[in-house]
Amino acid sequence: MNDPRVPMSSPDLTAAERQAVKQVMESPVLSMGEHTTAFEAAVCEYVGSKYAIAVNSGTAGLHLCVRAAGIGAGDFVLTTPFSFVASTNVLLYENAVPIYVDVDAATGNIDPARLQEAAHDLAHGGAAAARWLPRRGVGAAQPAKAVLPVDVFGQPADYDAIQATAQAHQLTFIEDSCEALGAEYKGTPAGRFGHSAVFAFYPNKQMTTGEGGMIVTDDRQAAQLMRALRNQGRAEGDTWLEHSYLGYNYRTTELSAALGRIQLGRLNEMVARRDQVAGWYSEQLDDFELVHTPQVVASTSRMSWFVYVVRLAPQIDRQAVIARLAEAGIPVRPYFAPIHLQKYMRERFGYELGDFPITEDLGARSLALPFSSVMKQDQVSLVCEELQRAVLA
Ligand SMILES: *Cc1c(COP(=O)(O)O)cnc(C)c1O
């Protein structure tokens with residue numbers, strides 16, 4: 001492609017962030033210091049959680065939640081195929097089995113009615129349970145042990161309904177809020193619904209630490225275990241060469257934590273800017289019937305826009321649109337690519353096109369447009385004009 005005329009995404013960094021990182025570089029403590037502790041405390045306060053554990057990626061955070069929940073080989077976990085691969089991969093790391101539930105067409109979030117049906121069918125066994133299983137790669141049907149929903153594109157999943165199903169079937173509930181820090185469901189922040197929840201700080205997220213993630217939970221025992229697992233399995237009281245558990249190096253750095261503290265302080269301002277940018281897009285595209293703009297549903301009392309994803313009308317050739325936009329210097333991405341159709345998932349579980357039609361339809365028609373909190377209105381206009389031109393060509 002030509003040099004992009006608008007970047008796909010941009011971090012939003014100021015002199016305050018540069019100063020904070022520079023100060024860490026001038027100190028002798030580069031890991032496990034005061035910034036990590038203070039960053040964790042700040043996230044607790046922002047979300048309203050009792051405990052927060054900083055890690056070096058969102059994926060690492062989700063993996064620790066899976067470990068802390070005792071999810072292991074052969075366990076069934078209800079989750080969504082319309083996500084970034086990490087939400088499924090953390091289950092496979094422990095040889096657990098993702099049981100996919102198709103999504104709601106309006107939001108792309110896990111469909112709560114289907115979820116309820118799946119949990120019920122798996123609990124009762126027989127033919128009704130078997131239809132939720134992949135073609136191969138799993139043993140007999142069994143009740144699900146956990147549920148792992150995702151807040152897709154910064155919009156909270158339908159938590160009242162998910163919590164009801166989790167309670168009815170005693171499911172451990174892990175919230176992948178990696179795309180939704182700052183979002184609220186009926187007035188309650190994303191991250192407050194599961195036994196544990198995870199946020200992520202890759203540079204394209206609402207706030208960044210370069211790489212990084214944060215687990216939040218109210219469960220003291222789980223928090224202690226995850227803290228130990230993050231640090232090579234060292235429990236509280238273990239010396240540097242004592243390891244109570246099989247752990248990982250999922251620690252973050254002081255550089256990242258110092259950066260994260262400043263970014264978190266600016267998060268509300270950045271989320272408001274993203275909301276404004278999304279508003280510009282929707283204003284310009286709402287009347288163009290070949291492109292459907294994203295829907296914010298009534299239960300979302302605060303949207304925290306992670307990406308701005310439109311859907312092309314079914315008759316539009318998306319590949320051609322992407323190519324024309326690339327030619328015009330506008331980067332766009334098909335987003336998400338359904339997880340069940342990834343090569344390694346097809347090979348392991350025998351998934352085929354047609355297995356999750358709503359996910360596949362969204363996956364085939366969606367297009368993420370350039371988006372960030374630093375985007376200007378004339379850049380949005382440029383993208384909208386080129387998009388309309390590319391669609392009509
Ligand atoms: C970003 C993201 C993650 C975590 O990604 P990392 O790159 O490991 O920080 C997990 N799940 C979803 C849905 C995400 O968008």
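Each ligand, and each atom within it, is numbered from 1 in the order the structure gives.
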* Name the closest protein heavy atom to atom 9 (O) of ligand 1, giving the residue it belongs to and the distance to 0.1 Å. => Gly58 N, 2.8 Å
* Asked: To which protein heavy atom is atom 15 (O) of ligand 1 closest, and what is the distance rounded to 0.1 Å?
  -> Glu179 OE2, 2.5 Å
Ring geometry between [Y] and [X] (parallel below 30°, tilted from 30 to 60°, perpendicular above 60°):
X: Tyr335; Y: Phe153; result: parallel
X: Phe193; Y: Tyr159; result: parallel
X: Tyr250; Y: Tyr248; result: parallel

* Asked: Charged N to carboxylate O below 4.0 Å: is that the case for Glu386 and Arg389?
  -> yes
* Asked: Should the pair Glu34-Arg261 be classified as a salt bridge under the 4.0 Å nitrogen-to-oxygen rule?
  -> no
* Asked: Would Tyr308 and Thr293 count as having a side-chain donor-acceptor pair, cut-off 3.5 Å?
  -> no
* Asked: Judged by modelled atom types alone, do Glu94 and His63 share a side-chain donor-acceptor pair under 3.5 Å?
  -> yes
Using a 4.0 Å cutoff against the non-hydrogen atoms of [X], which atoms of ligand 1 qualify?
X: Ala200; value: 4 (C), 9 (O)
X: Ser83; value: 13 (C)
X: Cys178; value: 2 (C), 3 (C), 4 (C), 10 (C), 11 (N), 12 (C), 14 (C)

* Structure fact -> Min over Asp151, Asp176, Val152, Val198 of heavy-atom distance to atom 12 (C) of ligand 1 lands on Asp176
* Less than 3.5 Å between some nitrogen or oxygen of Tyr202 and one of ligand 1, yes or no? -> no
* Do any nitrogen or oxygen atoms of Val150 come within less than 3.5 Å of a nitrogen or oxygen of ligand 1? -> no
* **Lys205 and ligand 1 - part of the residue with a heavy-atom distance under 4.0 Å** => side chain
* Asked: Taking non-hydrogen atoms only, is Thr59 closer than 4.0 angstrom to ligand 1 via side chain, backbone, both or neither?
  -> both
